[in-house]
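First comes the structure, then the notes that go with it.
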Amino acid sequence: MTLNDLFPKTARFGADGLITIAGVDLNLLADTYGTPLYLYDASTINGSYSLLTELLKQNYSGKAQIAYASKAYLSLKFAKKLARTDASIDVVSLSELEIALEAGFPPERIHLHGNNKSREEIHSAIANRIGSIVIDSTDELEFVEAICEGMQVRQKIWLRINPNIAVNTHKAVQTGHGASKFGIEAANGEAEHVIRLALKSESLHLTGIHTHLGSQIFHPAEFGQAVVAMLELGKTAGFHPDVVCPGGGWGVPYTIDDPFIDPNEWIATISKAATDWCRTENCPLPELVIEPGRFMVARSGVALYRVGSTKQSQNGDWIAAVDGGMADNPRVALYGSKYEAMLVGDGSKRPVETMRLVGRFCESGDELIPAITMPRLQRGDLIAIPVSGAYQLSMASNYNLADRPCVLWVENGAVEVLQRREHAARSDWWQGE
Ligand code: LLP
């Protein structure tokens, strides 16, 4: 894996250090739209989606569905692009639901997740006839059932179970282990009990079992175990699901030292687990639903920053500060996530230096890359950070009243603004309106 491979598929690197993505020059974009600037490359996203579609076709003879986990990144114009494919979408809040509907996702292709959905969210999901509400607890089953009774409708649901499978990833993004706040315990009989309750309900129509093990996972075996755990649980409770969903979570490399594990390992493993189990039990194949977030969008996104102040600290470290940081990308401060960066321009005549790339926000935790070796940066340089498409803008804040950045969509030499740069001080929320 080289640094170039981390960039979107359409990235081209000139000998002069200039970079184009989808045929568009990054310097020109930064000059036109200002920095920090985020862009999404259409081909890379479409490529990830087509690849997963193809892998499901090759590996699984039953029905399959790809539900984009919109928490990775969502905006209305972006959602409209995705809605043109046959992708489904996973939403976890009223606004994600509203955007999915407004973007044109057919309601039956929308699934509502979350460990503490509000009455308003549930009501809206039911009123809009969305595909499924994913029940996260016994308490929620009763809550949703009562709302359905009040509305006199029958709503499709899936149950999210906790299969007690720990995966090797950062603890903040492990979700299928015993102590997780997500899902209904499979081990102590609770999930079985809830399935029986749901099957008896007149206003709930149980169609699926779901689990999500965590995020940034590179080992397929646990996904296979999860599929078997869901099917076995159903069998114990006398229920063969129409839908089995082992969630999302397939990992992507952020640095040249990270592994790239072929997603076929993920898809082949879950497909085989379901197929083998159903063959042995002589049951029909359930529809297999996957919920990729990061795998769909991470590599398509690039963050561009302008270098401002540079200095040498007391201990001799070179420090270069950029015009963004933890407000647009809190992942480094939250999880110690690692990134690479590239100078957009000719650095060949400069000394190579190991530097700390820091942000402009008011705390020392605001570092983008604690140590990076590259041509010594100076004021005015443009730098590009690849693999910036997932969980950066969707977790961005207005810390220090930072304006959230402009976001572009680049496709075949054309540029479209997905989101204009915010002007925080003038926004309704900060104005108190
Ligand atoms: N399905 C469910 C129910 C989820 O909760 C998630 C992510 C996904 C699918 C998609 O997972 P992915 O394919 O993107 O790994 N903020 C963290 C990641 C949190 C993931 C939360 N759930 C980060 O920046 O790494």
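Counting convention: from 1, in listed order, for ligands and their atoms alike. None of these values were measured; they are calculated from a predicted model.
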Within 4.0 Å of some non-hydrogen atom of Ala69, the atoms of ligand 1 are 8 (C), 9 (C), 10 (C)

May I ask you to check whether Asn116 and Asp136 show a side-chain donor-acceptor distance below 3.5 Å? no

Using non-hydrogen atoms of the residue, decide whether Gly249 is closer than 4.0 angstrom to ligand 1. yes

How far is atom 8 (C) of ligand 1 from the closest protein heavy atom, and which atom is that? His212 CE1, 3.3 Å

In ligand 1, which numbered atoms sit nearer than 4.0 Å to a non-hydrogen atom of Glu291? 1 (N), 2 (C), 3 (C), 8 (C), 9 (C), 10 (C), 13 (O)

Is there a polar contact between ligand 1 and Gly214, counting only N or O atoms under 3.5 Å apart? no

The protein heavy atom nearest to atom 15 (O) of ligand 1 is Ser215 OG, 2.4 Å

Going by distance alone, is a donor N or O of one side chain under 3.5 Å from an acceptor N or O of the other, for Ser337 and Tyr339? no

How far is atom 20 (C) of ligand 1 from its nearest protein heavy atom, and which residue and atom name does that atom have? Tyr391 OH, 3.6 Å

Which pairs pass side-chain hydrogen bond (donor to acceptor under 3.5 Å, both in side chains) with one or both residues in residues 205-214, sequence neighbours excluded? Trp158-Thr207, His210-Glu291

Close side-chain approach of Ile217 and Phe223, heavy atoms under 4.5 Å: yes

Salt bridge present between Arg154 and Glu202 (N-O < 4.0 angstrom): no

Test of proximity, Tyr335 against ligand 1: N or O pairs below 3.5 Å: yes

Here the atoms of ligand 1 under 4.0 Å from any heavy atom belonging to Met395 are 16 (N), 24 (O)

Within a strict 4.5 Å, meaning less than it, do heavy atoms of the Val144 and Ile135 side chains meet? yes

Any chance you could lay out the salt bridge (Lys or Arg N to Asp or Glu O under 4.0 Å) test for Glu416 and Lys77, step after step, and finish with the verdict? CA-CA 9 Å; Glu416 188 184 335; Lys77 290 184 178 169; 5.4 Å; no

Please could you name the atoms of ligand 1 that Gly293 approaches to less than 4.0 Å, counting only its heavy atoms? 10 (C), 12 (P), 13 (O), 14 (O)

Examine Tyr49 together with Tyr68 and report whether their ring centres are nearer than 6.0 Å. no

Test of proximity, Lys71 against ligand 1: N or O pairs below 3.5 Å: yes

Going by the atom numbers of ligand 1, which of them fall below 4.0 Å from some non-hydrogen atom of Pro292? 13 (O)

At a 4.0 Å threshold, what atoms of ligand 1 neighbour a non-hydrogen atom of Asp90? 1 (N), 2 (C), 9 (C)

Could you list which atoms of ligand 1 come closer than 4.0 Å to a heavy atom of Arg160? 3 (C)

Phe7 and Phe13 aromatic ring geometry - parallel, tilted or perpendicular at 30°/60° bounds: perpendicular

Taking atom NE2 as the centre, does His123 end up with more than 12 heavy-atom neighbours from other residues, nucleotides or ligands that are less than 6.0 angstrom away? no

Looking only at protein heavy atoms, identify the closest one to atom 24 (O) of ligand 1 and say how far it is in Å. Arg331 NE, 2.6 Å

Using a 4.0 Å heavy-atom cut-off, which part of Arg294 comes near ligand 1: side chain, backbone, both, or neither? both

For Val173, counting its heavy atoms only, list the atoms of ligand 1 lying under 4.0 Å from any of them. 17 (C), 18 (C), 19 (C)

Could you walk me through whether Asp317 and Arg356 pass the salt bridge (Lys or Arg N to Asp or Glu O under 4.0 Å) check? CA-CA 7 Å; Asp317 287 354; Arg356 262 161 65 194; 3.2 Å; yes

